[in-house]
Amino acid sequence: MESIQAIKGMNDILPDQIHWWQRVENTARSILENFGYREIRTPVLEKTELFSRSIGENTDIVEKEMYTFADRKGEWLTLRPEATASIVRAFIQHNLQADPLARKFYSTGPMFRYERPQKGRYRQFHQLDAEVFGVEDPMLDAELMYMLRVFLEQLGLSGVVLHINSLGCPACRAPYRSLLQTFLLQNRATFCSDCQRRLHVNPLRVFDCKVERCQKIIENAPMLLDSICEDCRDHFAAVRSYLDRLQTDYEINPRMVRGLDYYTRTTFEIITDRLGAQNAVGGGGRYDGLMRDLGGPDLSGIGFAIGMERLILLLQQQRSEPQRSPLVFLAILGDQAKQEGFLITQQLRSHGIEAEMDYARHSLKSQMRRADKLAAHYVVILGDEEMAAGAAQLRDMQSKQQSSIPLDGLVPLLKEIIRNGDATAAKN
RNA sequence: GUGGGUGUAGCUCAAUAGGUUAGAGCACUGGGUUGUGGCCCCAGAGGCUGUCGGUUCAAGUCCGAUCACUCACCCCA
């Protein structure tokens with residue numbers, strides 16, 4: 001009988017990997033909360049229309065990457081390909097603009113895109129997401145990127161660069177788009193087949209084509225940054241100066257184009273060259289018209305998403321293993337000792353000490369081996385002799401020092417020993 | 001959706017030009033005189049060689065199909 005496999009591109013995160021996730025999630029929580037963000041959790045499944053309306057009908061995500069299907073009543077549903085749309089929807093639905101405290105949100109969870117998986121790209125992947133509504137001040141754009149930097153620094157991530165750009169507003173982007181299109185059409189024949197197609201569908205995308213031939217032509221193309229309107233120009237200049245004041249390094253990348261239609265003005269990406277074909281660890285930007293377009297109040301918005309898998313892949317390359325809390329292992333010999341050891345194990349745990357015992361009747365040697373494999377700090381040896389004497393043997397696995405420890409009051413005493421052991425270890 | 005690469009033990013990999021009972025390291029279990037870890041030694045367990053079909057006296061090895069994984073394109077986190 002053939003065993004059942006997980007769905008392509010959807011991965012199990014096993015216990016030996018989970019500490020990476022917990023570390024990233026815990027760091028994210030503490031930092032985002034400091035910056036005033038509050039967690040929000042929305043369903044992974046939404047009406048298809050939410051995404052097609054927000055992300056854009058002609059984007060790749062909506063055209064070919066969504067997990068979409070009809071439910072039993074024939075309603076079209078989609079597994080979320082990104083988080084912003086859902087959070088905006090929830091904000092509108094619960095009329096959160098009436099709540100003076102609800103402005104900054106964050107969320108983590110799985111996203112789904114139907115693509116061929118490869119390094120750093122999966123059909124189910126996880127994002128850390130932050131969104132702010134109703135603040136147009138460029139100060140916030142800078143603050144958001146600064147927060148991102150603090151977060152990545154806290155994790156000890158190196159080798160990434162912040163790229164920023166401005167996409168202008170609908171008012172200045174439309175004229176530019178036709179300007180660019182005219183330019184591209186003049187060189188039409190020279191472009192690769194992909195760009196021939198982009199030329200019509202989304203001319204801006206020609207900018208991030210990897211074909212050298214196309215890059216050559218595009219060098220002389222009119223740049224969006226040169227043709228954005230006065231207001232957008234001022235906004236972008238302000239963002240840059242705030243970033244400078246926060247000593248946050250960035251590169252202006254006038255060719256950076258994002259894959260979702262709703263972005264306006266400031267956009268940014270965290271770029272790396274250590275993830276194979278993938279270069280974006282995270283990205284985001286302003287989306288001032290989205291809330292209104294989804295039927296809500298006309299509030300501005302800005303946010304970012306970080307790919308957890310990609311972030312963790314990078315952290316793993318840097319190999320910074322976290323340290324574990326001390327573990328006590330109980331080596332048991334004999335039935336009577338097993339009964340007593342069982343109780344002690346539970347008591348240790350209930351007092352906040354990680355403890356493990358041997359439930360099978362293994363030899364002391366094999367139990368010691370196991371304790372070693374588990375990297376136990378202490379082993380409590382409990383056999384018939386100890387039961388008779390009313391005192392167990394306590395072995396410090398590092399120093400190999402072994403002493404007698406009375407069964408009566410063993411848990412508080414052990415707790416004390418561990419605390420002192422930690423104190424001296426911390427000094428060294 | 002398109003192209004390349006790879007499928008042998010839990011993991012990493014061997015197996016001469018097709019040729020007996022498919023091996024090794026790590027991991028796992030037990031043991032190396034009474035109840036003491038890491039190193040060392042011994043033993044054990046663990047495989048329908050991804051699946052199906054074809055060629056052959058003989059297929060892990062050659063051919064075809066299929067599935068899976070992987071890398072890349074498109075695009076993105």
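Below, read A as the first sequence line, B as the second, and so on, with proteins coming before strands; counting in each chain starts at 1.
Judged by distance alone, the side chain of A/Arg265 and the main-chain N or O of A/Arg286 form no donor-acceptor pair under 3.5 Å. Side chain of A/Arg310 to backbone of A/Val281: no donor-acceptor contact under 3.5 angstrom is found. Side-chain atoms of A/Asp358 do not come within 3.5 Å of backbone N or O of A/Gln367 as any donor-acceptor pair. Looking only at distances, no side-chain donor or acceptor of A/Thr248 sits under 3.5 Å from a matching main-chain atom of A/Tyr146.
Spacing of C1' atoms, B/U66 relative to B/A9, comes out at 25 Å, to the nearest Å.
Toward the 5′ end of RNA chain B lies the nearest nucleotide of A/Gln118, the other residue of the pair A/Gln118 and A/Ala280 mapping further downstream. Judged by closest nucleotide on RNA chain B, A/Lys119 is the one of A/Lys119 and A/Gln127 placed further toward the 5' end.
A/Gly120 comes within 4.0 angstrom of a nucleotide base, judged by non-hydrogen atoms across all strands. Residue-level contact check: A/Ser366 touches the backbone only, with heavy atoms under 4.0 Å from sugar-phosphate atoms and none from bases. At a threshold of 4.0 angstrom between heavy atoms, the contacts of A/Glu385 include nucleobase atoms, whether or not backbone atoms are also involved. Contacts of A/Gln124 with the nucleic acid, taken as non-hydrogen atoms under 4.0 Å apart, are absent. Note on A/Arg113: a base of the nucleic acid sits closer than 4.0 angstrom, heavy atoms only. When heavy atoms are screened at a 4.0 angstrom cut-off, A/His362 is found touching the sugar-phosphate backbone but no base atom. Contact annotation for A/Lys8: backbone-only contact, meaning every heavy-atom pair under 4.0 Å involves sugar-phosphate atoms and none involves a base. Residue A/Asp372 is in base contact, counting any heavy-atom pair closer than 4.0 Å across all strands shown. Across all strands shown, A/Gln402 has heavy atoms under 4.0 Å from base atoms, whether or not it also approaches the sugar-phosphate.
Nucleotide B/G30: paired with B/C42 (Watson-Crick or G-U wobble, both distances less than 3.5 Å). Within the shown strands, B/G25 is the pairing partner of B/C11 under the Watson-Crick or G-U definition, both distances less than 3.5 Å. For B/U16, there is no paired nucleotide, since no Watson-Crick or G-U wobble pair has both relevant distances below 3.5 Å. In this entry B/G3 has B/C71 as its Watson-Crick or G-U wobble partner, both defining distances falling under 3.5 Å.
A/Tyr359 and A/Phe342 have their aromatic ring centers separated by at least 6.0 angstrom.
Residue side chain A/Arg369 does not reach the base of B/U36 through any donor-acceptor N/O pair under 3.5 Å, judged by distance alone. Taking 3.5 Å as the limit, the base of B/U36 and the side chain of A/Gln367 contain no donor-acceptor pair of atoms between them. Counting distance only, with no hydrogens placed and no angle test, the side-chain atoms of A/Glu65 and the base atoms of B/G1 include no donor-acceptor pair under 3.5 Å. For B/G37, the base has a donor-acceptor partner in the side chain of A/Arg395 [N/O atoms by modelled type, under 3.5 angstrom].
Nearest to the side chain of A/Glu115, among B/C75, B/C69, B/G32, sits B/C75.
Within the structure, every side-chain polar atom (N or O) of A/Ser363 is placed at least 4.0 Å from both OP1 and OP2 of B/U36. Here A/Lys365 reaches the OP1 or OP2 of B/G37: one of its side-chain N or O atoms lies under 4.0 Å away.
In the model, A/Thr266 has no side-chain atom that pairs as donor or acceptor with a side-chain atom of A/Ser166 under 3.5 Å.
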